[in-house]
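Only this structure's heavy atoms are used, side chains among them; waters, hydrogens and symmetry mates stay out. The model shown is predicted, which means the values in this text are computed figures rather than measured ones. Chain identifiers are assigned alphabetically (A, B, ...) following the order of the sequence lines, protein sequences preceding nucleic acid strands; residue numbering begins at 1 within each chain.
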Amino acid sequence: MRYIRPLSMEDAVGQLAGSPGTAAILAGGSDLLVRMKGGFVEPDLIVDIKAIDGLAEIRQTAEGFSIGAAVSCALMGESAALKREWPGVVEAAKLIGSKQVQGRCTIVGNLCNASPAADSVPALVAAGARALIVGPGGRRTVAVEAVPTGPGKTSLAKGEIIEAILLDRRGPHSGDAYLRFIPRTEMDIAVVSAGVNLTLDEQGVVKSARVALGAVAPTVLLVEEAAEALIGRKLDEAALERLAKVCSGACRPIDDKRGTVEFRRKVAGVLARRAATTAYARAGDK
Amino acid sequence: MNFDPRYSGRNFASVGTRPIRPDGVDKVTGRARYGADFNMAGQLVGRVLRSPHAHATIRKIDTSKAEKLNGVKAVITAADLPDLTDGDAALYDILDNCMARKKALYDGHAVAAVAAVDARTARQALQLIEVDYEVLPHVTDVDEAMKHSAPVLNDTIFTEGLEQKPVKPSNVTKRSQYGHGDIHEGFGRADYVVERSFKTEQTHQGYIEPHACVASVSSDGTADLWVCTQGHFVYRQHCAQLLGMEASKLRVTSSEIGGGFGGKTHVWAEPVALALSRKAGRPVKLVMTRDEVFRASGPTSATSIDVRIGARKDGTITAAEATLRYSCGPYAGMWAELGAMTAFACYNLANVRTVGYEVLVNRPKTAAYRAPSAPMAAFAVESAVDELAKEIGMDPVEFRIRNAAQEGTRSSYGPVYGPIGIGPTLEAAKNHPHMKAPLGENQGRGMACGFWFNFGGQTCTDLNIGMDGSVSLAVGTVDVGGSRASLSLVAAEELGIAYEQVKAVVADTSSLGYNDMTDGSRGTFSSSMATISAARNAIKVLRERAAQMWDIPVDDVVWENGHAIAKGEKYGNLAALSLKEIAAGSGKTGGPIAGHSELVADGAGVSFATHICDIEVDPETGATKVLRYTVVQDAGKAVHPTYVEGQYQGGAAQGIGWALNEEYVYGKDGRLQNPGFLDYRIPVCSDLPMIDTQILEIPNPNHPYGVRGVGETSIVPPLAAIANAVSNAAGVRMTHIPMSPPRILAAIEAERGGRWSK
Ligand SMILES: Cc1cc2nc3c(=O)[nH]c(=O)nc-3n(C[C@H](O)[C@H](O)[C@H](O)COP(=O)(O)OP(=O)(O)OC[C@H]3O[C@@H](n4cnc5c(N)ncnc54)[C@H](O)[C@@H]3O)c2cc1C
């Protein structure tokens, strides 16, 4: 097994693309190392991306935010600007693991591990985040929901690395929120989760909405019908009721050791409703 | 030796104080050595191959490819552990559990093992071992296993305890029955009867330290074993018997222990490590992974329990009955019997009957877990008691006080009680401010009582006084919960010296006589008795030496506050001699000064607790939050109150995990789905409130200081107390443990008429 720590993106991509055996990208390692220790993967090459120039930075541009692939979730929590604009994304990132895990883990790692229960992903999907991908063929940008294709699988080609997650600059009266259900208070995996992102008009009527659900299907679900239930209305009881119903209906969950189909359906609705209420209040405050 | 163990009311100087523990600094700095911290030159890595099947006949094992792999020094199967058990059925089960002989009986059952130069080679070697299995139908559920249609695990088992031997083998190894009076007559007089069925899922002790050992067998047939255990003498005995060694040729040293709770009372890896070392001719270290600990150590039983209790309008229970079915894993046990004995032990009942069924299933062999079997029985009984109080319209505490056992009560399992603490713990609970604290919306309060037997047993202790007057105390009961601190306090108390002057160690099996394990809440109870006895023997020697130094008759020398004092007017000019002074001169007065003790600590006395808790339930998700928790328990005498409180809090914390989230989840294929702490959910810190404790001290008449064991009882009431609180908060009776959010939400929805929003 070979471990390298390239200093440039070009070098990293080149090494990955040229490696004859199996290769893995190492960010925080909080998924990769656990999988290696468990004997599930044994890569021939490990490319640690943390020393790549500029990758551990959050940059604010005219278009919004660019969160480098080596930015730890703890660092996201320390960015006042990011928290102000995208509180839902940050609260999702800050739910991952524990303080210790937060110091290492990244949202890109969370996305590329491709677990249906990944915490930051529904929030990113609701936020309309995009992934900036660098590979042997050049650079491309895709919606984050296009990255995971099923449990443990991504659409990334050999040699491709996500360089950053891009979040738009926010207009006024916008807010997002993320909630997950776990049986414990921390150190657990989402049984169901919901991310909601809203923009309101001056009157408090929802202009645009994105609703995403986690852990209820092989990949995170972007539920357009749920967004439609909210658009054009204030967040009245009928709208919330409809939101919950649509979300419960959109789930395609399974019975497993973490929860039942019935439980996941019901709680998906409850969480969507609660997250929408929080997002609405946050949007109204701005 | 004429040691008098009776309680003598006395004032204490050291006992009851809270000094820091002697093992504390090493534990927080990482210097302390746990099972996996021991290493030897030339040591090999041992690894175990485990069955992926819940139930399968082993047709053939081919180890030849593994043996040929470079770096592999030994490969063993059951053939390397020949059956030397000589008709001892219990020992044969241990042997078969360590290494499957004819059949793999659960997912995780060991079938072969290797010793290799490193972990990678060992892992590769396991993959090269070819096992030819014939997969058999399996059963993992306790109720399913009792059905006639269930696959039979062992066709030599015919249920014991029935009037007639059954004609067909089954998975029920034994039926046991306890009680007295006439329950039909009793139920006939009842105005109210509650009848309910309950289930509890299998849980694991969840100790943080996995099983670990280093075995080193010499070519002369002697051996050493360093191991994390609750009882190194018992491990020595079992290992020696299984390997055909004389016990004295095997020296077992216990490491520090990162939790046991009953789970380290049983050998699994140790005989395997010894057999590997014997074959390889080199030391072998064997450390279980967490996955192996869950799949192949000894969790507690899953249960299915029916309870019926009847009472008159005035709140007197007229009859009580329970049928208890406990899973044992694939080998016979007496888990249901313990449940049947403890179920109604808190109450004074004229008519009571309990029946227990021991049930074999394709799961790992059940081992003790802190007051084994009592928490599940208490859950069922205390839930029904709560419901009955409600039906009658009585306060649940008052109802229990009215029916509580007392001194002189004939217990439901037979004996007549001496002075006991159930009444006082209930009174204390009744008067506790917790009981009157206001509750908010969706919040509920529950309380419950619990009983455990406690145990004393064989104990051997040495107390050696150094020439500088410091005292070494060598005990043979492994220190699981702070007993070295408590025993040092006891030695200091008896000798009349400072706690800091005493250093306690856990001696290896070649340095002391046999000691039973640290189980049955016996560590401090039994070893403090032996320590007192050893100290008294040392005092006798100290008095003799002082008499010699003074040249007066020993009968004129008394021992007070750490000094020899010449008694009587005629010795007025003799200054008292301190322990230090006598020790300093010991070389000239007859050599080293020591006190030895070997005894059977009888009269451990029974133990009772009452717990109160407040829970909030989110009615939309079934999520629970433990808001407040109070433990009231009788300690007899709290030797080191901080560690008594620690035992109370620890039991409650484990009980909370068990009640709310912990469970073994088996798939349809009979394989364990959650062998790790991610999906086997023990509580994390933020799941728990500060657990408040109240220590009652009702002296045990059979111990010089009045001590009772405190280690186990604290896990008995939580399942029931929490179930009562959740039921009150959610407005629906919870009958299935753990009360995970999906179960609570399903119960709430069912109560509302099954309106799942689909
Ligand atoms: C104790 C513990 C608790 C946890 N709790 C949670 C939790 O609450 N919620 C949750 O969602 N997850 C949790 N996790 C999982 C894990 O922490 C998260 O998924 C985390 O975000 C992964 O980030 P990482 O940087 O550590 O990823 P890594 O382990 O470094 O990488 C994960 C995967 O992504 C790939 N990858 C990483 N970076 C890139 C890149 N730039 N481009 C392409 N591929 C890349 C890696 O090759 C690997 O396959 C927990 C893990 C542990 C150990």
task = Indicate yes or no: does B:E749 engage A:K266 in a salt bridge with an N to O separation below 4.0 Å.
result = yes
key: Residue part contacting chain A, namely of B:T621, when any heavy atom lies under 4.5 Å   = both
task = Under 4.5 Å heavy-atom distance to chain B, tell me which part of A:R274 shows up: side chain, backbone, both or neither.
result = side chain
task = Would you indicate whether A:E237, at its atom CD, is surrounded by more than 12 heavy atoms from other residues, nucleotides or ligands within a distance under 6.0 Å?
result = yes
query = Just how far is it from atom OG1 of A:T185 to atom CG of B:L688, taken to the nearest 0.5 Å?
reply = 8.0 Å
inquiry  = Atom CD of residue position A:E224 - does it have more than 12 heavy atoms of other residues, nucleotides or ligands inside 6.0 Å?
reply    = no
remark   = In this structure, NZ of A:K257 is separated from CG of B:L678 (nearest 0.5 Å) by 7.5 Å
remark   = Cut-off 4.5 Å, heavy atoms of chain A, and the answer for B:D687 is both
Chain A contact via B:R120 - which portion, at a heavy-atom distance below 4.5 Å = side chain
request  = Taking atom CZ of A:F40 as the centre, report whether more than 12 heavy atoms of other residues, nucleotides or ligands fall under 6.0 Å from it.
outcome  = no
task = Sort out for me which of B:N661, B:V684, B:D679 touches chain A most, counting heavy-atom pairs under 4.5 Å.
result = B:D679
query = Ignoring hydrogens and geometry, is there a side-chain-to-backbone donor-acceptor pair from A:R184 to B:S686 under 3.5 Å?
reply = no
task = Against chain A, label B:Y680 side chain, backbone, both or neither, depending on which of its atoms sit under 4.5 Å from a heavy atom there.
result = backbone
query = Are more than 12 heavy atoms from other residues, nucleotides or ligands located less than 6.0 Å from atom CG of B:N70?
reply = no
task = Evaluate side-chain contact (heavy atoms from CB on, under 4.5 Å) for A:M187 paired with B:R681, printing each intermediate quantity in order.
result = CA-CA 9 Å; A:M187 296 299 283; B:R681 295 189 172 82; over 6 Å; no
query = Quick one: CG on B:D618 to CZ on A:F181, what's the gap to the nearest 0.5 Å?
reply = 7.5 Å
message = Would you say that more than 12 heavy atoms from the other residues, nucleotides or ligands in this model lie under 6.0 Å from the NZ of A:K94, or not?
response = yes
